[in-house]
Amino acid sequence: LIEASLDPLVTINAEGKITDVNEATERVTGCRREQLVGTDFSDYFSEPQKAREGYEQVFSEGSVTDYPLTIRHRDGRRTDVLYNATIYKNEAGEVQGVFAAARDITAQKQAWQYARSLIEASLDPLVTINAEGKITDVNEATIQVTGVSRAQMIGTDFSDYFTEPQKAREGYEQVFAEGLATDYPLTIRHRDGQLTEVLYNAAVYKDHQGNPLGVFAAARDVTGRNRAERRQRVTNSLLGLYAQKTSRKEYLDSAVEVIREWSGCRNVGIRIKNELGNIPFESWVGFEKDFLDSENALERDHRKTLCRRIILPQPTRQDQQFLTPGGSFYCSDIPAFVKDLSVAQAKEYPSICAQHGFQSFALVPIVYGDEVFGVIQVTDPQKNMAPLLKVQFMEATIAPLLGEAVHRFNAESELERYRQHLEELVRQRTKELEQANTQLQEEIRQRQEAQESLAREQANLQSVFDIVNVGMILID
């Protein structure tokens, strides 16, 4: 029966020496029975120490199950096996040695390695989770998207790697309850703070008896798609606002709300250069009054602030490292930036933002034609809330839309002022004409009255003359 077994079988004594083998062991090692008997069991494996620890475990615990080893053939070939071993005893109950049977799993391991290579080749983050929500395995894409190694992730809570841990927990619980989940939205948080929006598709995987073992989940990165959709929405919103609003102030008040919703930043302001050359906040959302007062006071003092340097534009050498090619300034860690400034440099960067607890900051110039006449200012108490991608979109799309809208509202306002001026001139001229007409009518009335009075006087005189003439005739 032993010789008929296709599995390598071996017996080992307490010193780790081989006492017997079957033909399958001869084939897998390339050594004859007489060469094997009396030699160290551990000598025929790629990891001798691990083999030694294996049979020692059997002697101490009575058995081992599925103990992985790799048998080394004398010609160099290797065979992956799982050992199942137990002690055997004599009639007196004394331990005589270990009986070990090796199951060749080379084919299964190759199949597993093939499957593993397919998993690792996937660009989508893949993860397996047990019933307790602990990670049991991940692929390279998951390591890249989290910034955490496989060894560090295995055994940790799946939900710990998302911006909404409770939602992530509810997701895998739904899979265990319903068997699967489709397009479940989550946001993975990298250890450096970078966020990746994903849609998870997950299903329960089971053993050969149909018992659930865990959840296999695949995440599809939709960050780019979602970003494009949000950009399209903010673009459409700003275009729509121009058609809905009747003044520059109304438009900009609504625009800062749209920008805040899109950017996720807590504070958004739009500053427009006025006729005095100052750059006060015209519209804002989120900023506290004392911050606005402090910023506007700096502008009234005509200090060469960062905002003024961006608009002129006259950036300093220190500014250059934080500028985009389009002239926008952005910083993801204001406290660290301010801390590294020299005393002289610090004078060029009033620390109002740092004093108010802001960590992310960006200034994006608003341009129409060749003229920079304002800036979009965004700040947030969290780091990395104004990254380069956001700044570049504001620079390339939002700022030009604002610039066009402000220019048109200014032009319409100017036309309205001209219209009102013309109407005032017309009103004044009309009033003058009405006054002249009234005066003329009065002069005509007075002239008519004078003529009537003169006619009456002439008639009276004529009557007198007529009486005089009659009297003279009677005398004669």
Side-chain angles (χ1 to χ4, degrees), residues 1-117 119-120 128 130 134-138 140 143 149-156 207-208 213-214:
L1 291 176
I2 292 175
E3 290 300 341
S5 174
L6 298 178
D7 293 335
L9 306 177
V10 62
T11 57
I12 315 161
N13 65 20
E15 290 75 39
K17 303 295 185 179
I18 295 173
T19 57
D20 200 5
V21 298
N22 68 345
E23 188 177 345
T25 303
E26 293 182 275
R27 287 196 300 269
V28 80
T29 61
C31 299
R32 297 192 304 275
R33 178 180 281 107
E34 55 269 26
Q35 293 174 308
L36 290 165
V37 172
T39 60
D40 282 343
F41 170 75
S42 58
D43 288 347
Y44 300 94
F45 298 90
S46 60
E47 297 176 277
Q49 181 58 35
K50 184 177 180 182
R52 189 174 299 110
E53 292 169 355
Y55 73 71
E56 289 175 350
Q57 180 181 334
V58 181
F59 277 110
S60 63
E61 299 179 10
S63 66
V64 295
T65 302
D66 291 342
Y67 193 86
L69 288 171
T70 301
I71 299 173
R72 186 178 60 245
H73 192 280
R74 67 189 305 169
D75 66 6
R77 285 179 295 165
R78 298 191 176 207
T79 303
D80 295 308
V81 295
L82 289 179
Y83 265 102
N84 290 284
T86 184
I87 57 174
Y88 65 92
K89 304 176 182 179
N90 60 19
E91 292 180 355
E94 297 171 334
V95 175
Q96 298 296 296
V98 167
F99 175 79
R103 174 59 54 88
D104 185 351
I105 60 165
T106 304
Q108 294 95 313
K109 190 170 183 179
Q110 289 174 343
W112 180 87
Q113 289 174 336
Y114 174 71
R116 185 77 202 184
S117 67
I119 291 172
E120 292 298 346
T128 55
N130 65 19
K134 304 293 185 182
I135 294 173
T136 56
D137 200 4
V138 298
E140 181 63 27
I143 296 170
S149 70
R150 177 181 284 105
Q152 290 175 308
M153 293 188 74
I154 290 175
T156 60
D207 62 18
H208 64 282
L213 294 176

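We're numbering straight along the sequence, starting at 1. Quick caveat: nothing in here was measured; it's all calculated off a predicted structure. Atom set for the values below is all heavy atoms of this structure, side chains included, hydrogens, waters and symmetry mates excluded.
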| task | Given salt bridge (charged side-chain N to carboxylate O under 4.0 Å, His left out), test Asp40 with Arg52 step by step and report yes or no. | result | CA-CA 9 Å; Asp40 282 343; Arg52 189 174 299 110; 5.3 Å; no

| query | If we only count heavy atoms from C-beta on, is the Glu23 to Arg32 side-chain gap below 4.5 Å? | reply |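 No - every pair of side-chain heavy atoms lies 4.5 Å or more apart.
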
| request: Side-chain contact test, heavy atoms from C-beta onward, threshold under 4.5 Å: evaluate it for Phe45 versus Thr70 and give yes or no. | output: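 The answer is no, as the side chains (C-beta and beyond) never meet within the 4.5 Å cut-off.
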
| message | For a side-chain contact (heavy atoms from CB on, under 4.5 Å) check, start with the C-alpha distance between Thr39 and Tyr44, then their side-chain angles and the critical distance, and finish with the verdict. | response | CA-CA 9 Å; Thr39 60; Tyr44 300 94; 2.8 Å; yes

Point-to-point distance, once rounded to the nearest 0.5 Å, from [atom1] of [X] to [atom2] of [Y]:
X: Asp104; Y: Thr79; atom1: CG; atom2: OG1; value: 5.5 Å
X: Arg27; Y: His73; atom1: CZ; atom2: NE2; value: 10.5 Å
X: Ile105; Y: Asp80; atom1: CD1; atom2: CG; value: 5.5 Å
X: Ser46; Y: Ile71; atom1: OG; atom2: CD1; value: 9.5 Å
X: Gln96; Y: Ile12; atom1: CD; atom2: CD1; value: 14.5 Å
X: Arg77; Y: Thr106; atom1: CZ; atom2: OG1; value: 10.5 Å

Any donor-acceptor pair under 3.5 Å linking the side-chain atoms of [Y] with those of [X]?
X: Ser5; Y: Asp7; value: no
X: Gln57; Y: Glu53; value: no
X: Thr19; Y: Thr11; value: yes

| field | Exercise: identify the closest heavy-atom pair between Pro8 and Val28 | value |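 Looking at all heavy atoms of both residues, the shortest contact is CG-CG1, 4.0 Å.
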
Is [X] reaching over with its side chain to a backbone N or O of [Y], donor-acceptor style, under 3.5 angstrom?
X: Thr29; Y: Thr25; answer: yes
X: Ser42; Y: Gln49; answer: no
X: Tyr67; Y: Lys50; answer: yes
X: Glu61; Y: Val58; answer: no
X: Arg72; Y: Arg78; answer: no

| field | Ion pair check, Arg33 and Asp20, cut-off under 4.0 Å | value |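 Here Arg33 pairs with Asp20 in a salt bridge, since their nearest N and O are under 4.0 Å apart.
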
| Ionic contact status for Glu15 with Lys17, cut-off 4.0 Å |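 No, Lys17 and Glu15 are not salt-bridged.
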
May I have the list of side-chain donor-acceptor pairs in residues 82-93 shorter than 3.5 Å, sequence neighbours left out?
{"unit_1": "Asn84", "atom_1": "OD1", "unit_2": "Asp66", "atom_2": "N", "d": "3.0"}
{"unit_1": "Thr86", "atom_1": "OG1", "unit_2": "Gly62", "atom_2": "O", "d": "3.2"}
{"unit_1": "Asn90", "atom_1": "OD1", "unit_2": "Ala92", "atom_2": "N", "d": "2.9"}
{"unit_1": "Asn90", "atom_1": "OD1", "unit_2": "Gly93", "atom_2": "N", "d": "3.0"}
{"unit_1": "Asn90", "atom_1": "OD1", "unit_2": "Glu94", "atom_2": "N", "d": "2.8"}
{"unit_1": "Asn90", "atom_1": "ND2", "unit_2": "Glu94", "atom_2": "OE1", "d": "2.9"}

